[in-house]
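The shown structure was predicted, so the numbers you read here are calculated from the model rather than taken from an experiment. In what follows, chains are A, B, ... by sequence order, proteins preceding strands, each numbered from 1. Only this structure's heavy atoms are used, side chains among them; waters, hydrogens and symmetry mates stay out.
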Amino acid sequence: MKLATWNVNSLKVRLPQVLEWLAATRPDVLCLQETKQDDQAFPRIELEAAGYQVAFAGQKTYNGVAILSRLPLTDVAVGIPGYNDEQKRLIAATVATDSGPRRVVCAYFPNGQSIDSDKYVYKLGWISALTAWLREEAKRQPQLALLGDYNIAPEARDVRDPAAWEGQVLVSEPERAAFRALIALGLVDTFRLFEQPEQIYTWWDYRMMAFRRNRGLRIDHILVSTALAAHCKSCTVDKEPRRAERPSDHAPVIAEFG
DNA sequence: ATGTCTCAGGGACTGAGA
């Protein structure tokens, strides 16, 4: 089974690339972030025609998340329970697999803008609420996966130029501590389960020819419970869609399970 | 060194957000 995540930076713009990538890669589940369209505009017909069941929570202009699945998708839930949030950043659903039900959580963590911004305060509060909820959810759902754009590069090796990013949003110590708090729940960063090449990233700024120079950050992650981690066979980043005409600024991440 | 992309509003460009 393949689980994947991709921040598409507008599903309206990127739908042709998503359909092409689904056909080429055939993930069982794809979590999307920054769909940037309200639910009436969601391309349900096109994605169902491609063989995927869909669950989505969108809004106009900003944010928006979705889960696409070739396997039966049930028990869809939107948002962090008990956390009041206008912004559509989280959707969860249960995927029926041969190995039993797996709970998939698709998250678009706040960016935070800059460490002196009120958006940074919101970011840390949002992650704190997510973590508190997942602590309980993990007890109910032994086979749990948290996929998405975390907007956090966990370690120096996840940043091409750590000195240039020192103390900034996406790499600041409080954000990294928040990431470690998720790990402390018993979640595993599937990417680090395996020996990886150096300088693998998932996001490159559109500016300054960052992609061509591989000046990126690894901020999109697939974390899974230990029960699921035991079956994880690989975790890779597919840079190919980032080379396309009019690409998203993020590349998809794929984890494969036995 | 705020350099790119997306979207909304409003009918050319500006501002917000990332």
Side-chain angles (χ1 to χ4, degrees), chain A residues 5-21 31-43 46-47 56-66 79 85-91 106-127 130 147-154 158-172 174-176 178-179 201-221 237-253:
Chain A
T5 181
W6 191 7
N7 179 326
V8 289
N9 186 17
S10 170
L11 185 54
K12 182 181 176 178
V13 173
R14 231 67 67 188
L15 180 62
Q17 291 183 39
V18 169
L19 291 170
E20 187 184 0
W21 191 79
C31 294
L32 300 176
Q33 301 86 38
E34 286 206 87
T35 55
K36 293 188 175 178
Q37 53 189 175
D38 60 29
D39 291 345
Q40 294 93 312
F42 190 87
E46 293 88 337
L47 291 164
F56 47 90
Q59 65 187 91
K60 204 158 88 166
T61 315
Y62 303 120
N63 310 312
V65 284
D85 193 0
E86 301 282 301
Q87 304 186 24
K88 302 299 187 197
R89 296 183 173 277
L90 190 122
I91 188 165
C106 169
Y108 174 47
F109 288 43
N111 172 282
Q113 194 165 69
S114 65
I115 58 165
D116 57 1
S117 165
D118 52 2
K119 296 186 182 69
Y120 182 79
V121 177
Y122 165 69
K123 178 178 193 171
L124 294 177
W126 189 94
I127 301 171
L130 172 72
L147 303 88
D149 176 1
Y150 287 56
N151 271 313
I152 301 171
D158 299 312
V159 183
R160 175 59 188 273
D161 188 350
W165 279 89
E166 180 78 40
Q168 292 195 60
V169 76
L170 309 187
V171 309
S172 74
E175 292 166 85
R176 286 178 165 170
F179 184 87
Y201 309 114
T202 66
W203 171 82
W204 303 260
D205 199 300
Y206 281 123
R207 295 168 288 190
M208 299 165 70
M209 296 185 290
F211 181 69
R212 203 171 62 72
R213 300 155 70 197
N214 197 28
R215 296 183 66 83
L217 275 71
R218 191 176 71 94
I219 58 174
D220 300 84
H221 307 293
V237 178
D238 185 1
K239 283 178 80 171
E240 202 52 42
R242 189 61 175 80
R243 297 187 237 271
E245 291 267 324
R246 291 188 86 190
S248 167
D249 43 353
H250 295 253
V253 184

Interatomic distance, A:Y108 atom OH to A:W126 atom CH2 [nearest 0.5 angstrom]: 10.5 Å
Does atom CD of A:E46 have more than 12 heavy-atom neighbours, drawn from other residues, nucleotides or ligands, at distances under 6.0 Å? yes
Taking only N/O atoms, report every protein-nucleotides 7-9 of chain B pair under 3.5 Å with atom names and distance.
from  : atom 1 : to    : atom 2 : distance (Å)
B:dC7 : OP1    : A:S10 : OG     : 2.4

Between NZ of A:K239 and OG1 of A:T202, what distance do you get to the nearest 0.5 Å? 11.0 Å
Length of the line joining A:W126:CH2 and B:dA18:P, which is rounded to integer Å: 13 Å
When you compare B:dA12 with B:dG17, how far apart are their P atoms, in angstrom units rounded to a whole number? 25 Å
Does A:N9 use its side chain to pair, donor to acceptor, with the backbone of A:D249 at less than 3.5 Å? no
Between B:dA1 and B:dC7, how far apart are the C1' atoms? Round to whole Å, please. 26 Å
Within the 4.0 Å heavy-atom criterion, would you say A:R89 contacts the bases, only the backbone, or no part of the nucleic acid? sugar-phosphate
Examine the side chains of A:W203 and A:N7 and answer whether a donor and an acceptor come within less than 3.5 Å of each other. no
Just how far, in rounded Å, is P of B:dG17 from CG of A:D149? 17 Å
Both A:R207 and A:N63 contact DNA chain B. Which one's nearest nucleotide lies toward the 5' end? A:R207
Just checking A:R212: does its CZ atom have more than 12 heavy atoms from other residues, nucleotides or ligands closer to it than 6.0 angstrom? no
Pairing donors with acceptors under 3.5 angstrom, does anything connect the side chains of A:N111 and A:K123? no
Could you check how far CG of A:D249 sits from P of B:dC5, rounded to whole Å? 10 Å
What distance, rounded to whole Å, do you find between the two P atoms, one in B:dC5 and one in B:dG11? 26 Å
Are OP1 or OP2 of B:dC5 and a side-chain N or O of A:R14 less than 4.0 angstrom apart? no
Which residues within residues 159-172 of chain A lie with some heavy atom under 4.0 Å of an atom in DNA chain B? none
If you only use heavy atoms from C-beta on, which nucleotide in B:dG3, B:dC5, B:dG17 is closest to the side chain of A:K119? B:dG17
Run the salt bridge (charged side-chain N to carboxylate O under 4.0 Å, His left out) test against A:D158 and tell me which residues pass, sequence neighbours left out. A:R192, A:R218
With a non-hydrogen cut-off below 4.0 angstrom, is A:Y108 in contact with a base, only sugar-phosphate, or nothing? sugar-phosphate
Using atom C1' in both nucleotides, what's the gap between B:dT14 and B:dT2 to the nearest angstrom? 15 Å
Using the C1' atom as the reference point in each nucleotide, state the distance between B:dG10 and B:dG15 in Å, no decimals. 14 Å
Rounded to the nearest 0.5 angstrom, the CZ-CG distance for A:F109 and A:D220 is 10.5 Å
